[in-house]
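Since the structure is predicted, the reported quantities are computational estimates derived from the model, not experimental observations. All ligand and atom numbering here is 1-based and tracks the order in the structure.
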Amino acid sequence: MDGADSTRKEVFIFLGPPGVGKGTQAFRFAKALEIPHIATGDMLRDAAARKTPLGLEAKSKYMDQGKLVPDEVVQGIVQDRLGQDDCQGGCVLDGFPRTGAQAEYLEQATSRLGLPVGKAFYLDAPEEVVVERTSGRRACPSCGSNYHVKHLPPKKEGICDECGTELIWRPDDRPETVLERQRVYRAQTAELIDYYEGRSVLTRIDASGDVETIQKAILEARSG
Ligand code: AP5
């Protein structure tokens, strides 16, 4: 546990363009605070891997094309997860909210649960950095671990360090889909920066450096 007030029960949000490093940082932040890391992209990919009707439809109709999954579907998933016992002490949301409607929904849900949004970390980096991170990513389809061919290679090329499964190139990390995801982000998600700034919970983080430097900046911003 870090040195911050561990009695505060809050929801933390990670905002930023696809590939900026939200998952990497949200995972580490949740671990440091010993609270759940809730990543809607991971939950949707898991549903698709388990071949549930919802997961298969989300993957084929939206995710593989770089589009957002409809609000009601994602809100339903988040509602179920936030209602679980381990979220009562707070949690980290990674990839949610992503539209104005999702942000409004979250405001109502967190107020019902008595878990205010403590901070929204907005991870910002130049587009060329973000595109390079996304195109070099390799993912484990089994345990969800993420690697990067240059910045975070696995010990054995193409194989997950954690579980030994062969790594894949996420279908939505292919160049044309990466560009579409960036477009969708600018059109539908970037407005949330102003939304959380207006609620005085936004903290901008320079996410162009290395993983440890960014992690330190986030933990300092949380305590400050
Ligand atoms: P999701 O999985 O959330 O994808 P995303 O937002 O596009 O984010 P990414 O996972 O691509 O990137 P990231 O910012 O987490 O970066 P990462 O840490 O992995 O969503 C996928 C899809 O699901 C969406 O397109 C949509 O269809 C659907 N979806 C999900 N949530 C939804 C919602 N709320 N509403 C509607 N639809 C939704 O890092 C990227 C790479 O860079 C990795 O290889 C990593 O190792 C490397 N890296 C990270 N940090 C650094 C660093 N500092 N230096 C060098 N390399 C780094």
Which residue and heavy atom of the protein sit nearest atom 21 (C) of ligand 1, plus the separation
Arg45 NH1, 3.6 Å
Which bit of [X] gets closer than 4.0 Å to ligand 1, counting heavy atoms only: side chain, backbone, both or neither?
X      : result
Val74  : side chain
Thr134 : neither
Arg181 : side chain
Lys22  : both
Val211 : both
Arg170 : side chain

Do side-chain atoms of His148 reach the backbone of Glu132 as a donor and acceptor pair under 3.5 angstrom?
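Yes.
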Numbering the atoms of ligand 1 from 1, which are under 4.0 Å from a heavy atom of [X]?
X      : value
Thr40  : 30 (C), 31 (N), 32 (C), 34 (N)
Asn146 : 19 (O)
Ile214 : 53 (N)

Using heavy-atom distances only, which candidate in Gly23, Gly21, Gly95 approaches atom 15 (O) of ligand 1 most closely?
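Answer by nearest heavy atom: Gly23.
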Backbone or side-chain N or O of Tyr62 under 3.5 Å from ligand 1 N or O
no
Looking at CG of Leu15 and CZ of Arg204, how far apart are the two atoms once the value is rounded to the nearest 0.5 Å?
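Here the interatomic distance stands at 10.5 Å.
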Can you list the steps and then say if Tyr195 with Glu107 is a side-chain hydrogen bond (donor to acceptor under 3.5 Å, both in side chains)?
CA-CA 11 Å; Tyr195 180 94; Glu107 199 153 296; 2.9 Å; yes
